[in-house]
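All remarks here apply to the structure that follows.
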Amino acid sequence: MYLTTVLGNLLIILAASSDPRLHTPMYFFLCNLSLVDICFTSTTIPKMLQNILLQRKDISYEGCITQIFFFILFGILDDFLLTVMAYDRFVAICHPLHYTVIMNPCLCGLLVLGCWVLGVLNSSMEASVSLRLSFCTEVEVPHFFCELDQLIKLACSDTFLNNLVMYCAALLLGGGPLLSIIYSYSKIISSIRGMVSTQGRYKAFSTCASHLSVVSLFYGTSMGVYLSSAVSERAYPSAVASVLYTVVTPMLNPFIYSLRNKDIKRALRTFFVQGTTKQPIVLH
């Protein structure tokens with residue numbers, strides 16, 4: 001599953017980069033999302049596979065904090081990029097005549113840069129606050145990676161500040177983008193309903209279907225993790241739900257974006273054909 005995730009997302013990046021017809025804001029954001037998905041799974045899965053292979057379950061304290069930093073960073077980046085992609089679809093459908101003016105390369109670059117800056121600031125803050133935690137005995141995290149919530153529960157020191165930072169960040173950086181996505185799609189649906197042509201409605205909706213599927217999958221699985229950990233004291237339901245959004249969701253994203261996307265299919269065919277016909281062909 002990890003190899004499928006990496007290869008699938010790499011193919012999306014290579015296909016969109018190699019085809020000039022896909023050098024548009026939508027595919028620019030998709031390439032960034034694919035890159036973040038590769039990094040997101042690479043934060044936890046290689047270490048888990050190493051533990052399985054070597055039959056060892058230990059991780060250093062520095063390694064644990066580093067894992068928390070990058071896990072939060074790429075998780076937030078996923079969230080932000082999905083929000084930016086929703087805004088891109090909103091502009092494309094609700095303001096089609098001004099799309100190229102609004103979504104210019106400068107704005108696209110600034111949006112992605114802003115996502116990275118906010119992500120780094122948030123993950124740095126949460127990781128630095130975690131450094132003040134102290135533990136009484138040998139720490140055994142009931143998870144397949146160092147999750148911040150599980151680590152806070154095992155601390156012997158006061159965790160009020162950690163919980164405050166964690167829940168405020170989840171509310172602002174998780175709830176805010178979700179509300180933005182809901183607002184964008186409410187405007188998109190209203191605009192689609194106002195279209196006279198049935199073909200125009202179908203074309204407009206088909207450009208959003210893949211993104212909407214990925215958003216539903218991402219938020220559905222990530223909310224499932226926190227709901228399962230809040231409802232049940234046992235770590236097993238939370239670990240199972242975590243597998244869904246750390247492994248399954250990034251693996252499915254390339255399939256969702258490529259199976260119903262004619263542009264990606266054409267770009268992939270072109271990419272592989274060019275790769276197999278680089279040698280000169282001799283005609284007798």
Exercise: identify the closest heavy-atom pair between [X] and [Y]:
X: F69; Y: S124; value: CE1-OG, 3.4 Å
X: L107; Y: I102; value: CD2-O, 2.9 Å
X: R56; Y: D58; value: NH2-OD2, 2.9 Å
X: L22; Y: A15; value: CD1-O, 4.0 Å
X: F40; Y: T246; value: CE2-CA, 3.9 Å
X: L133; Y: A155; value: CD2-CB, 3.8 Å

[Y] reachable from [X] in the ILVMFWY side-chain graph, under 4.5 Å edges:
X: F71; Y: Y167; result: no
X: L131; Y: I68; result: yes
X: L77; Y: L172; result: no
X: M1; Y: I38; result: yes
X: L30; Y: I256; result: yes

Within the distance-only criterion (no hydrogens, no angle test), does the side chain of [X] pair as donor or acceptor with the backbone N or O of [Y] below 3.5 angstrom?
X: N122; Y: G119; result: no
X: N32; Y: F28; result: yes
X: N253; Y: S34; result: no
X: S216; Y: L212; result: yes
X: S17; Y: I13; result: yes
X: S60; Y: G63; result: yes

Residues M166, N163; criterion side-chain contact (heavy atoms from CB on, under 4.5 Å); working and verdict: CA-CA 5 Å; M166 182 176 65; N163 284 314; 3.7 Å; yes

Audit row: F70, C39, side-chain contact (heavy atoms from CB on, under 4.5 Å) steps and yes/no: CA-CA 8 Å; F70 285 108; C39 297; over 6 Å; no

Does some side-chain heavy atom of [Y] sit less than 4.5 Å from a side-chain heavy atom of [X]?
X: M103; Y: F29; value: yes
X: L35; Y: N9; value: no
X: L161; Y: R132; value: yes

Check: H211 ring centroid to Y185 ring centroid under 6.0 Å: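 H211 vs Y185: aromatic centres under 6.0 Å.
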
Pair L111-C115, side-chain contact (heavy atoms from CB on, under 4.5 Å): steps then yes or no: CA-CA 6 Å; L111 286 172; C115 292; 5.5 Å; no

Distance in Å, [X] [atom1] paired with [Y] [atom2], rounded so as to fall on 0.5 Å steps:
X: K187; Y: I182; atom1: NZ; atom2: CD1; answer: 14.5 Å
X: L53; Y: M48; atom1: CG; atom2: CE; answer: 12.0 Å
X: Q67; Y: L148; atom1: CD; atom2: CG; answer: 12.0 Å
X: T43; Y: I72; atom1: OG1; atom2: CD1; answer: 11.0 Å
X: L154; Y: C136; atom1: CG; atom2: SG; answer: 10.5 Å
X: T41; Y: M251; atom1: OG1; atom2: CE; answer: 11.0 Å

side-chain hydrogen bond (donor to acceptor under 3.5 Å, both in side chains) assessment of S42 paired with Y2: CA-CA 8 Å; S42 299; Y2 176 63; 2.8 Å; yes

R21: salt bridge (Lys or Arg N to Asp or Glu O under 4.0 Å) partners, not counting sequence neighbours: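 D19.
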
Please list every donor-acceptor pair under 3.5 Å in which a side-chain atom of residues 78-92 meets a protein atom from a residue at least two apart or in another chain.
{"unit_1": "D79", "atom_1": "OD1", "unit_2": "Y219", "atom_2": "OH", "d": "2.2"}
{"unit_1": "T83", "atom_1": "OG1", "unit_2": "D79", "atom_2": "O", "d": "2.9"}
{"unit_1": "D88", "atom_1": "OD1", "unit_2": "Y99", "atom_2": "OH", "d": "2.6"}

Working for side-chain contact (heavy atoms from CB on, under 4.5 Å), residues F135 and L151: CA-CA 10 Å; F135 304 92; L151 200 66; 3.8 Å; yes

